[in-house]
Every structure is written in C-alpha cells, then in structure tokens.
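As a basis for the values below, the full set of heavy atoms in this structure was taken, side chains included, without hydrogen atoms, waters or symmetry mates. What you are looking at is a predicted structure, and each value in this text was computed from that prediction instead of being measured.
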Amino acid sequence: MKVAVREDSAEMGSVDANWVSRCQAGDKRAWRQLYDQHAPLVYRLARRMGLGEEKTADVCQEVFLRVYRNLGNFRGDAQFSTWLYRIALNEVSRAHREGAMRRAFTSLLGQQGHGLEIPADLGPERQAQVSEAAEVLAQILARMKPKKRAVFVLFELEDLSTEEIAQVMRCGVETVKSRLRHARAEFERLHKQRTVVVVQGGKS
C-alpha cells in the first residue's frame, strides 16, 4: 500500500513541477490549478493541527499568499508538496501564537472573494456532520505538544514517510522517528485519559 502511495506521490510531483514551471512563467491559469489541487491539503492539515474554522481560513490565505510571493525562488530541490507542508506548518504555528491571519488573497485570483472559499465538501456543512470518532481525534490532537502533533499528523494522517517529514521539518530522520514514538505514546495516553473521563461522566 505504501508503495502505491509513493508512486502516486511521484506522479503528482511531476504534475506539480509542470504547474510550478508554468506559474513561474506567468501563467495565471496554472496558478489556479495549483491552488485548487492543494488548498484542500492545507485546509485539512490546519484543522488537524487544532485550528478552528475561522483561523483555518486565514491560514490557508496566508499560506498561498506566501507561496505566490516566493514561487519564483522555488528551485525544485524538494517536491512542491514538501515545500508547501513546510510553509503550512510554519503558518499554523504562527496562527497559534498570534491569532487569525490577515486577509490578503482575493486579488491573486482576480475574483471577488471566490478565491477565499474552501471547497464545498470541506465547508461548515461537512464540519457539522463530523463523526464522533473524528471529533475525539481532533480533541486529542489539540492537546498534544506542537512538535509531536506535527509529526503524528504528517505520518499517521497525511501518510508522509519519515524521510519526507524530515525534509518538511528540517531535522534528521532519527529525530522524526523519536518524535513519532513519543507522539504515539502521548496520543495513547491522552486517548486513555479521555476514555476514563467519559466513563466517569465528566468532560474531556
């Protein structure tokens, strides 16, 4: 299964490289394609990293604003998705520290606010229908320490390899593996704590 994921990742990386090259040449349609392809990834990652709906929208705007501004400096030393994950994690961390990000993305797509919309299947309506299991997961992730949560989300939920995570977080593979071990232990501990509280009739 992992092999199939890696093959899909390599194929998507080739497509991204083509879009990035076209964006760098000034093709605005390629920019829209790049945004449409990766906006759900950034949104999903921000939510899994514990941001609320409003902050997540702000972070998505800021992430792609930074991508747009810095795309000319992207040289393809790593896959575009790796670079994007790195930017997204930095912005999520900043949002946790500083609050909601400024709104500055609309003009990039040349539309009256449409560029700020989250895809319909990821909007408030779907959030209202989140299963109990997903809610529990979000509550536990929100209580994990930031570095552990980042590694856990990227490996267990985003299906990145330890090597890819090391590139995203700019640390050694062994550091990633160590954080992942501790993250899994913390996740299990928090899950057990919540189970005990629920059984006793308290609040998580």
Checking side chain to side chain donor-acceptor pair (under 3.5 Å) between Glu186 and each of Arg143, Arg181, Lys148, Lys145, which is the one that passes?
Lys148

Got [X] and [Y] here, is their nearest side-chain heavy-atom distance under 4.5 Å?
{"X": "Leu45", "Y": "Leu154", "result": "yes"}
{"X": "Asn70", "Y": "Trp83", "result": "yes"}
{"X": "Glu164", "Y": "Val168", "result": "no"}
{"X": "Tyr43", "Y": "Val59", "result": "no"}

Kindly determine whether Asp16 and Gln79 satisfy side-chain contact (heavy atoms from CB on, under 4.5 Å), including the steps that lead there.
CA-CA 8 Å; Asp16 284 344; Gln79 286 194 8; 6.0 Å; no

Give a yes or no on whether the backbone of [Y] and the side-chain of [X] come within a donor-acceptor separation of less than 3.5 Å.
{"X": "Ser21", "Y": "Ala17", "answer": "no"}
{"X": "Arg149", "Y": "Val153", "answer": "no"}
{"X": "Gln167", "Y": "Thr82", "answer": "no"}
{"X": "Asp27", "Y": "Ala30", "answer": "yes"}
{"X": "Ser93", "Y": "Leu89", "answer": "yes"}
{"X": "Arg48", "Y": "Leu157", "answer": "yes"}
{"X": "Gln24", "Y": "Leu71", "answer": "yes"}

Tell me whether the rings of His191 and Phe187 are parallel (<30°), tilted (30 to 60°) or perpendicular (>60°).
parallel

List the atom of [X], the atom of [Y], and the distance in Å for their closest heavy-atom pair.
{"X": "Tyr85", "Y": "Glu158", "answer": "OH-OE1, 2.7 Å"}
{"X": "Leu41", "Y": "Leu84", "answer": "CD2-CD2, 4.4 Å"}
{"X": "Cys171", "Y": "Arg179", "answer": "SG-NH1, 4.3 Å"}
{"X": "Leu34", "Y": "Phe80", "answer": "CD2-CZ, 3.7 Å"}

What distance separates [X] [atom1] from [Y] [atom2], expressed to the nearest 0.5 Å?
{"X": "Ile87", "Y": "Arg66", "atom1": "CD1", "atom2": "CZ", "value": "8.5 Å"}
{"X": "Cys60", "Y": "His38", "atom1": "SG", "atom2": "NE2", "value": "13.5 Å"}
{"X": "Lys28", "Y": "Cys23", "atom1": "NZ", "atom2": "SG", "value": "9.5 Å"}
{"X": "Ile140", "Y": "Arg189", "atom1": "CD1", "atom2": "CZ", "value": "11.0 Å"}
{"X": "Glu91", "Y": "Phe64", "atom1": "CD", "atom2": "CZ", "value": "12.0 Å"}
{"X": "Asp36", "Y": "Trp31", "atom1": "CG", "atom2": "CH2", "value": "10.5 Å"}

Set out, in order, the CA-CA distance, both residues' side-chain angles and the distance that settles side-chain contact (heavy atoms from CB on, under 4.5 Å) for Phe155 and Val176, then state yes or no.
CA-CA 10 Å; Phe155 186 86; Val176 171; over 6 Å; no

Could you walk me through whether Val173 and Lys177 pass the side-chain contact (heavy atoms from CB on, under 4.5 Å) test, one step at a time?
CA-CA 6 Å; Val173 173; Lys177 292 179 179 179; 3.6 Å; yes

Stepwise salt bridge (Lys or Arg N to Asp or Glu O under 4.0 Å) check, Glu62 with Arg94
CA-CA 11 Å; Glu62 188 66 19; Arg94 182 176 301 184; 5.0 Å; no

Run the side-chain contact (heavy atoms from CB on, under 4.5 Å) test on Met144 and Leu190 for me, step by step, so that the C-alpha distance in whole Å, both residues' side-chain angles and the decisive distance to 0.1 Å come before the verdict.
CA-CA 8 Å; Met144 294 177 70; Leu190 292 172; 3.7 Å; yes

